[in-house]
Amino acid sequence: MDKKLISREEDYSKWYNELVVKAGLAENSAVRGCMIIKPYGYAIWEKMQSQLDKMFKNTGHENAYFPLFVPKSLFEAEEKNAEGFAKECAIVTHYRLQNDPDNKGKLRVDPNAKLEEELIIRPTSEAIIWNTYKNWIQSYRDLPILINQWANVVRWEMRTRLFLRTAEFLWQEGHTAHETKNEALEETVMINNLYANFAEKYMSMPVIKGVKSKNETFAGAEKTYCIEALMQDGKALQAGTSHFLGQNFAKAFDVKFADRDGQLNYVWATSWGVSSRLMGALIMTHSDDRGLVLPPKLAPHQVIFVPIYKNEEQLNSITQVVEDLRNQFNERGISSKFDNRDTKRPGEKFAQHEIQGVPVRITIGPKDLEKKSIEIFRRDTLEKQFIKIEESLDFVSKLLDEIQKNLFDKAKNFRDNNITEVENFEDFKTTLENKGGFISAHWDGTDETENKIKDLTKATIRCIPEENNIPGKCVFSGNPSSQRVLFAKAY
RNA sequence: CGGGAUGUGGCGUAGUCCGGUUAGCGCACACGGCUGGGGGCCGUGGGGUCGCAGGUUCAAAUCCUGUCAUCCCGACCA
């Protein structure tokens with residue numbers, strides 16, 4: 001691995017890209033805009049996945065799986081949704097290849113194998129799922145339907161970026177059907193809170209909960225709730241969305257049910273999702289110039305043991321101590337790994353685990369065994385200390401909690417320091433230019449103003465936060481505003 | 001799709017303007033040894049259709065034409 005430290009003074013996206021590759025999380029694939037997620041990166045994703053899955057199930061949801069292909073006729077049924085995704089679809093038009101008569105050894109698309117109806121590779125699954133729900137729902141007794149799907153989707157974006165925006169990405173998408181508007185709205189809000197909770201408790205990433213402006217609302221939704229995070233370069237990242245779909249999809253796919261009074265009604269719907277983009281969020285929130293910094297709750301292993309030895313005899317006595325400690329850790333729910341590769345020297349191991357963000361490293365060598373102590377290193381503050389072996393279990397257990405909390409506090413502190421309230425458009429522009437981050441400003445609520453501000457500054461309304469109802473005057477138009485909203489440049 | 005740039009062992013590159021020995025270097029890799037508490041040292045070695053196709057020439061990584069791909073900046077976006 002290159003010895004050069006990753007420096008934030010260089011271009012931030014270059015820094016980010018190098019970090020992702022060097023930490024062994026992912027790399028660009030030969031297929032345009034697609035990414036290969038390597039085992040270490042996937043292990044982190046699995047941690048997120050299993051935690052989220054648990055949270056969904058605790059709130060009454062079940063997993064299911066729907067097809068990758070969406071027939072075009074289904075896709076176009078909900079007009080706004082179709083329009084929103086039309087420009088970024090991958091489309092299957094043929095089903096067979098044949099030997100190319102003009103080009104020996106090559107294959108070509110068999111012109112006779114054209115599909116009667118094209119298949120869209122799902123950019124999201126509302127269409128195919130609602131076409132299915134139509135057959136599942138007749139009565140209020142069939143409701144609610146609370147389903148989540150773990151899947152890949154494809155969006156043919158012009159410009160891509162590892163984890164943050166790839167042509168194919170992994171996500172979960174929840175699709176629920178409800179008897180009443182209120183119930184659907186409650187579901188939407190509940191999920192948004194669940195996402196916020198996950199981001200803050202597990203990713204140690206502070207988020208702002210709120211609602212999207214009309215411009216930024218999901219295509220086909222009535223209302224989009226979201227969680228927004230701030231990255232270290234001052235740009236905002238949409239980390240998760242939860243949509244109240246009203247009856248739009250029910251009407252588009254003709255999903256009616258007999259209500260408690262025997263009346264036919266359209267069902268009320270929600271959909272919500274988070275994606276492998278959260279990996280990018282995790283990386284950009286905590287990493288430093290020495291690499292990744294993982295919150296203990298999402299680290300594939302929380303503790304890495306590195307032995308220092310000159311001969312096999314020494315290694316054997318170290319191994320005994322390590323195995324004993326690992327058993328104790330395991331019983332306490334602390335995951336660990338013993339890096340006893342004899343193909344790498346200690347210095348290189350230190351560097352590797354550091355760039356991979358392992359929260360705690362324990363080094364044990366002959367000198368330590370003599371003193372019955374071990375060296376404990378924490379990744380977040382880079383501090384080392386020596387601890388008696390018999391005290392190490394309690395120490396590490398507390399330390400992991402402390403790291404988890406410290407990462408959150410640090411990120412929150414940064415975030416809070418980068419929310420600036422401005423009262424006029426001049427300040428708006430200079431703050432955005434010089435400081436970045438979120439700008440809290442009054443807005444008259446019109447698309448027109450939002451678009452003009454976007455054209456002039458590239459900043460968009462990231463969200464209309466909850467719990468902020470003090471009226472004022474729009475920073476751009478001077479017209480009355482019901483509350484402050486958060487502007488930022490976004491990923 | 002518009003503007004810009006770049007394609008040379010696994011990775012990063014020199015050489016291209018001004019054609020001329022066997023295409024050079026660093027990292028990585030393999031072997032041997034010294035080592036081992038922060039990416040260590042010495043020695044030896046393997047690995048290249050210079051993106052692809054065509055042309056000019058005694059001679060092409062280098063010049064010309066075409067083509068493909070990738071990256072950056074815009075429009076688009078989880």
Side-chain angles (χ1 to χ4, degrees), chain A residues 1-5 11 13-14 17-18 21-22 27-33 83-89 103 122-124 151-173 195 212 215-219 221 224 226-229 236-243 271-281 290-291 306-312 314-315 318 340-355 361-371 373-377 382 384 386 454-455 458 460 462 489-491:
Chain A
M1 209 174 279
D2 199 328
K3 278 188 209 171
K4 196 185 83 189
L5 289 178
D11 180 36
S13 34
K14 200 173 162 194
N17 243 305
E18 281 186 16
V21 173
K22 282 186 188 162
E27 59 195 33
N28 280 313
S29 91
V31 181
R32 183 213 159 275
E83 199 190 312
F85 286 104
K87 281 176 281 180
E88 50 189 48
C89 286
N103 218 337
R122 61 182 168 214
T124 177
N152 58 341
V153 288
V154 168
R155 295 182 189 174
W156 212 259
E157 303 290 353
M158 292 298 176
R159 290 186 61 206
T160 61
R161 199 154 181 225
L162 291 170
F163 288 119
L164 294 179
R165 191 177 306 110
T166 43
E168 178 189 9
F169 59 95
L170 302 178
W171 76 347
Q172 63 63 220
E173 45 180 330
Y195 285 157
K212 287 287 181 192
N215 271 345
E216 301 273 329
T217 297
F218 178 71
T224 290
C226 63
I227 54 171
E228 289 285 325
L237 185 79
Q238 178 172 311
T241 46
S242 180
H243 314 291
S271 73
W272 27 273
V274 294
S275 72
S276 40
R277 166 178 265 200
L278 286 183
M279 294 282 297
R290 302 173 80 146
V306 179
I308 310 278
Y309 58 95
K310 288 188 181 150
N311 53 50
E312 205 166 323
Q314 286 181 348
L315 178 61
I318 293 166
N340 58 358
R341 290 175 297 175
D342 59 2
T343 49
K344 300 280 177 197
R345 284 178 304 279
E348 202 177 336
K349 292 180 187 177
F350 293 166
Q352 189 202 328
H353 298 304
E354 223 163 83
I355 201 171
R361 186 188 71 225
I362 296 181
T363 309
I364 309 181
K367 291 180 213 163
D368 305 298
L369 290 187
E370 265 172 42
K371 291 184 230 154
S373 70
I374 54 181
E375 184 201 87
I376 298 183
F377 169 88
L382 305 170
K384 288 175 191 170
F386 291 92
K454 187 181 174 183
D455 289 344
K458 287 184 188 164
T460 50
R462 299 322 303 156
K489 288 187 191 167
Y491 273 101

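Per chain, numbering begins at 1; letters A, B, ... match sequence-line order.
Pair check for B/U6 finds B/A69; Watson-Crick or G-U wobble, both atom distances under 3.5 Å. Using Watson-Crick or G-U wobble geometry with both donor-acceptor distances under 3.5 Å, B/G45 finds its partner in B/C29. Using Watson-Crick or G-U wobble geometry with both donor-acceptor distances under 3.5 Å, B/U16 finds no partner in any strand shown.
Here the side chain of A/Arg361 is nearest to one of B/G38, B/G39, B/A78, namely B/G38. When the nucleotides B/C29, B/G36, B/A78 are ranked by their closest atom to the side chain of A/Lys344, B/C29 comes out on top. With B/A78, B/G38, B/G37 as the choices, the nucleotide that has an atom nearest any side-chain atom of A/Asp368 turns out to be B/G37. When distances run from any side-chain atom of A/Arg345 to the nucleotides B/G37, B/A78, B/G40, the shortest one goes to B/G40. In the set B/G38, B/A78, B/G39, B/A78 carries the atom at the smallest distance from any side-chain atom of A/Gln238. Checking B/C76, B/G38, B/A78 against every side-chain atom of A/Lys454, the shortest atom distance belongs to B/C76. Closest to the side chain of A/Ser275, out of B/A78, B/G39, B/G38, is B/A78. If you check B/G37, B/G39, B/G38 against the side chain of A/Glu375, the one that comes closest is B/G37.
At a threshold of 4.0 angstrom between heavy atoms, the contacts of A/Lys310 include nucleobase atoms, whether or not backbone atoms are also involved. Residue A/Lys367 is classed as a base contact, given a heavy-atom separation below 4.0 Å to a base.
Residue A/Lys458 has a polar side-chain atom (N or O) positioned under 4.0 Å from OP1 or OP2 of B/G74.
A salt bridge does not link A/Lys87 with A/Glu157: every distance from a Lys NZ or Arg NE/NH1/NH2 to an Asp or Glu carboxylate oxygen is 4.0 Å or more.
Geometrically, A/Arg155 does not engage A/Phe85 in a cation-pi contact defined by less than 6.0 Å to the ring centre and at most 45° from the axis.
Per the geometry, CG belonging to A/Asn28 stands 16 Å off C1' belonging to B/G7, to the nearest Å.
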